Amino acid sequence: MKIKLAISALGLVMVSGLSHAENRTHDSCQLGNVYEDIECYEQDNKRLIKALNGIYKKLQSLPAPAASDRVSYGASKAEYLKAFTESQTAWNKFTEANCSMLLLPASTLQGGGIGLVQRACWNEAYQQRVEQLNEWLDEIHSNE
């Protein structure tokens, strides 16, 4: 079963972004029972996907492109959205390939072990991506 990030330039739902303080640590879903851990990662991954959607929504809410945009933001709104969309598409492909590679040694695990490894890999990737994009947004806003 592959987990795919449901982020696209079309059809994103407006959800508030994840603040830097809300980031969980990777260890927060290590509860001691593999199935509880899987459920925890699934819930946290949903939260992080919503945060990624919120970041995209924040980019969409930048002021409408105007001649002054380049002065205020260093690039136009359209350029930021295009860069984000291209970056996110590449990130999705890399993360899926990377987590699949990391699953190979776990393919001999029985029970929920492989599912746990998979969800933990995506969780770590989502957390890093949300943090990275929040820092990028902070940089954009610091140029205002």
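Below, all heavy atoms of this structure are taken into account, side chains as well, without hydrogens, waters or symmetry copies. Fair warning: this is a prediction, and the values are worked out from it, not measured in the lab.
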With a cutoff of under 4.5 Å between side-chain heavy atoms, which Ile, Leu, Val, Met, Phe, Trp and Tyr residues group with Leu102?
Met101

Can you say whether the rings of Trp136 and Tyr80 are parallel (under 30°), tilted (30 to 60°) or perpendicular (over 60°)?
perpendicular

Rounded distance (nearest 0.5 Å) linking atom CG of Asn45 with atom SG of Cys121:
10.0 Å

Steps toward side-chain contact (heavy atoms from CB on, under 4.5 Å) verdict (Thr85, Tyr56):
CA-CA 9 Å; Thr85 302; Tyr56 182 79; 4.0 Å; yes

Whether the side chain of Ser61 engages the backbone of Lys58 through a donor-acceptor N/O pair (distance < 3.5 Å, no angle test) should be reported.
yes

Side chains of Gln43 and Glu39: is there a donor and an acceptor less than 3.5 Å apart?
yes

Does Glu86 have any side-chain contact (heavy atoms from CB on, under 4.5 Å) partners at least two apart in sequence or in another chain, and if so, which?
Lys82

Just by modelled atom types, is the Gly115 backbone N or O under 3.5 Å from a matching donor or acceptor in the Arg119 side chain?
yes

Locate the shortest heavy-atom distance separating Ile55 from Leu133; write the atom from each residue and the value.
CD1-CB, 3.7 Å

Heavy atoms of Asp37 and Gln30 approach each other most closely as OD1-C, 3.6 Å

To the closest 0.5 Å, what do you measure between OH (Tyr126) and CH2 (Trp91)?
6.0 Å

Any side-chain donor-acceptor pair under 3.5 Å between Asn123 and Gln127?
yes

What is the minimum heavy-atom distance between Trp122 and Cys99, and which atoms define it?
N-SG, 3.8 Å

About how many Å separate CZ of Arg129 and CG of Asn92, when rounded to the nearest 0.5 Å?
8.0 Å

Looking only at heavy atoms, which two atoms of Ala125 and Thr95 are closest? And how far apart?
CB-CG2, 3.5 Å

Just verifying a value: how many Å separate Gln128 CD and Leu48 CG, rounded to the nearest 0.5 Å?
11.0 Å

